[in-house]
Amino acid sequence: MSYWFTIAALTGVNVLLAYSVYASFMSGQVSIGQAAFFGVGAYVGASLTVLAGFDLMSAVLVAGIAAAAASVFVGVPTLRLKGYHFTIATVAFAEAVRVILHNTKYGRPRASGNVGDQWLGPDGATGFRHIGYLNDNGISTGQYAVIVWSIVLVVVVAFFLVERSRIARILRTIEEDEVVARSIGVPVARYKVIAFVCGGFIAGMSGALYAHILTFISGNDFVIHLSTIALAFVVIGGGQTMWGPLLGAVLLTVIPEILRPIREFRIELFGLLIILVMLFRPTGMISAITVRRWGSALAAKARAKRPTQAF
Amino acid sequence: MLEISRISKSFGGLMAVDSVDLSVKRGALFGILGPNGSGKTTLFNLLTGFLEPTAGGVRFEGNELIGRSPEDIVRLGVARTFQVVRFHKDSTVRETVWAAQSMHLGLRDLFRTIDAPSQRDLAEEVDSILERTWLKPHADRLARELPFGLVRQLEIARALATRPKILLMDEPASGMNPSETHQLTEDIRRLRDGGLTIVLIEHDIEMVMGLCDRIAVLNFGRKITEGTADEVKSNPDVIAAYLGTKKKHAHA
Ligand SMILES: Nc1ncnc2c1ncn2[C@@H]1O[C@H](COP(=O)(O)OP(=O)(O)OP(=O)(O)O)[C@@H](O)[C@H]1O
Ligand SMILES: [Mg+2]
C-alpha cells in the first residue's frame with residue numbers, strides 16, 4: 001500500500017512540474033529547463049528542513065521563492081528576445097544548475113553514520129542524503145500524499161481561475177501573435193516573464209516535495225531528461241487548456257508503474273504512446289475545442305434544470 | 001493632432017517611405033492612396049512603433065511617438081488594424097474584444113472572468129462595440145469560423161476596445177464584397193461622426209474619394225500630392241502614377 005502512496009505523492013509532484021511548464025507554455029514559450037528550478041527547489045527545501053529546522057510547509061514555500069528568483073535571472077534577459085533564445089537558455093541554465101548542484105557541499109557532520117556517510121547536507125557528487133523530515137516527524141507516506149495533493153489542488157484551482165480570466169486570453173494572444181498583442185497595448189515581455197516566474201515558483205515547490213519523498217537527492221536527478229519529460233506531460237496531455245498538464249502528468253506517471261510487470265517493454269510502450277498521440281492528436285489528448293464542448297454541454301444541462309423564465 | 005515630419009524608412013537601398021510630411025486634424029477622415037508597394041503600410045508601421053524610421057519625427061497630441069514601443073503608442077490613443085488580418089483563432093469574437101480592453105485595467109480586473117458581476121460595465125462596452133461592428137450575432141463563434149468580411153470587422157472591433165483617439169485602418173475593405181464595402185463605408189463615417197479621428201489606407205479609390213475629407217497620395221515612398229478629393233483627382237501626377245496605371249490594368 002505504501003508503495004502506491006509513494007506513487008500518488010510522486011504523481012502529485014509531476015503534476016506540479018507539468019504546470020510549471022504550462023505556465024510559460026500558455027504564452028508560447030517552451031522551457032526545456034524546468035529541471036533546474038525543480039533542482040533548486042529540492043536543494044533549498046531539503047536544506048531548510050534538514051539544516052535550518054524549518055517545518056515542511058515553510059520550506060516548500062521558500063523553495064518556490066528561491067526557484068522563482070532563479071527564473072527571474074533566466075527569464076528577464078532572454079524573454080525579450082524572439083525565437084528560440086529562451087528555450088536554448090533554459091536548457092543551458094538547467095545544465096549549469098546540474099553541474100553546480102553536483103559540486104555543492106555545505107552542512108555539518110552527522111553524529112552517527114558509517115564511514116564515508118557522515119555528512120548532513122549536500123555533499124558534492126555524493127548528493128544530499130538523509131532528508132529525514134517525514135520519518136523524524138512521523139509523517140506516513142499516505143499522509144504525505146495528502147499534503148502533496150492539497151498543494152496540487154491549490155495550484156489546479158489557481159489555474160482554473162486564471163484560465164477563465166483575461167490574463168489567459170492575453171497570454172494566448174501572445175502565443176498566437178505577438179504583433180496583435182502589442183497592437184492592443186499588451187506589454188508582451190512583462191507577461192512572459194511573469195508567467196515564467198510563476199512556473200519557476202511551482203517547479204521549486206514541486207522539487208522540495210520531491211526531495212522529501214526520496215530522502216536522497218543528487219545533482220544527477222535533475223538532468224535534461226527530466227525537463228523533457230515535464231514538457232511531454234504538457235504536450236501529450238494537451239497544452240491548450242489547463243486540463244492537459246493534469247491528465248498528461250497523471251497518465252505518464254501511473255501508466256509506467258502499471259506496466260512495471262512487463263518491465264522490458266515499458267519504455268518502448270511509453271514511446272509508442274507518445275508517437276501515437278502526436279500522430280493522431282497533435283493538440284494533445286485534450287484540446288481547447290474539447291473543453292469548450294464540455295463547457296457548453298454542462299451549461300446546457302444547467303439551463304435545462306432551471307425553470308424557464310417568462311418575460 | 002497627428003504631425004508627421006519628414007519621415008523616412010529605407011530597407012537596404014530601397015526607400016519604402018521617403019521624407020513624408022502629413023498633418024491630420026482632430027476629427028478628420030484622412031485617406032492615403034497609392035499603388036502597391038508605395039509605402040502605405042510601412043508608414044503605419046512607423047507611426048505605431050512596429051518599425052523605427054531612418055529619419056524624421058511623429059508628434060501625436062504633443063508627444064513624440066518615435067522611439068516608443070507599439071504598446072506605449074496604443075496607450076496614448078493610437079490604434080490600428082492590419083492589412084493582413086491577424087487574430088487569435090481559438091478565441092471567440094467576444095473574447096477577442098474583451099481581451100483588447102486589458103490595457104486600461106488593473107490587476108484585479110485582469111483576473112476576473114468575462115461574466116463576473118464586477119465586470120458589467122466592461123461587458124456592456126464589449127457588447128456595444130460588437131453591435132457597432134455587426135458582430136453581435138456572432139459573439140460566441142470562434143474567430144476562425146467567421147466569414148472573411150466579418151473578420152475585417154473584428155479587426156476594427158478589437159482596435160476600438162483600446163478606446164483610441166485616432167484609428168489607423170490599413171485596407172479594411174480588401175477582400176470584402178461590394179455590399180460589405182458599402183456597409184463599411186457607412187461604418188467608418190459613423191465612427192468619425194462619433195468623434196474618432198481616422199486615417200484610412202485603401203485601394204478602393206471610389207471609397208476613399210467618397211469618404212475622406214483629405215487625401216494624400218504616395219508613390220515610391222514619396223507623397224506626390226495632398227488635398228481634397230477633387231484636387232487629388234485632377235492632379236496630373238496622380239493620374240499618371242496611380243489612376244492611369246490602374247485603368248491600364250483594368251483594360252488588360
Ligand atoms: N520589412 C520589410 N523589409 C524589407 N522591405 C520591406 C519591408 N516592408 C516593406 N518592404 C518594402 O517596402 C515597400 C513598401 O511596402 P509597403 O508594404 O509599405 O507598401 P504598401 O503601399 O502598403 O503596398 P500594398 O498596397 O501592396 O499594401 C515595398 O517595396 C516592400 O517590398
Ligand atoms: Mg500595404
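Convention: sequence-line order gives letters A, B, ...; per-chain numbering from 1.
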Should the heavy atoms of other residues, nucleotides or ligands under 6.0 Å from [atom1] of [X] be counted, would the total exceed 12?
X         : atom1 : value
Arg293(A) : CZ    : no
Phe148(B) : CZ    : yes
Arg190(B) : CZ    : yes
Arg144(B) : CZ    : yes
Phe160(A) : CZ    : no

Report which part of [X] has an atom under 4.5 Å of a heavy atom belonging to chain A: side chain, backbone, both, or neither.
X        : value
Thr92(B) : both
Leu76(B) : neither
Ile73(B) : neither
Ala99(B) : both

To the closest 0.5 Å, what do you measure between [atom1] ([X]) and [atom2] ([Y])?
X         : Y         : atom1 : atom2 : value
Arg86(B)  : Thr173(A) : CZ    : OG1   : 12.5 Å
Leu161(A) : Phe111(B) : CG    : CZ    : 9.5 Å
Arg169(A) : Ser102(B) : CZ    : OG    : 12.5 Å

In this structure, which one of Arg172(A), Glu175(A), Gln240(A) forms a side-chain contact (heavy atoms from CB on, under 4.5 Å) with Asp90(B)?
Gln240(A)
Any donor-acceptor pair under 3.5 Å from Arg166(A) side chain to Trp98(B) backbone:
yes
Pick whichever of Asp177(A), Val179(A), Val162(A), Val186(A) has the most heavy-atom pairs under 4.5 Å with chain B.
Val179(A)
If you count heavy-atom pairs under 4.5 Å with chain B, which of Pro187(A), Ala288(A), Ser183(A) comes out on top?
Ser183(A)
Option that, when pairs with chain A are counted at under 4.5 Å, heavy atom only, ranks first among Asp109(B), Thr162(B), Thr113(B)
Thr113(B)
Of Arg158(B), Glu155(B), His104(B), Gln119(B), the largest count of non-hydrogen pairs under 4.5 angstrom with chain A goes to Arg158(B)
Under 4.0 Å between a side-chain nitrogen and a carboxylate oxygen: does that hold for Glu95(B) and Arg292(A)?
yes
Does some side-chain heavy atom of Ile170(A) sit less than 4.5 Å from a side-chain heavy atom of Leu110(B)?
yes
For Ser69(B) and Arg182(A), test the side chains for any donor-to-acceptor distance below 3.5 angstrom and give the result as yes or no.
no
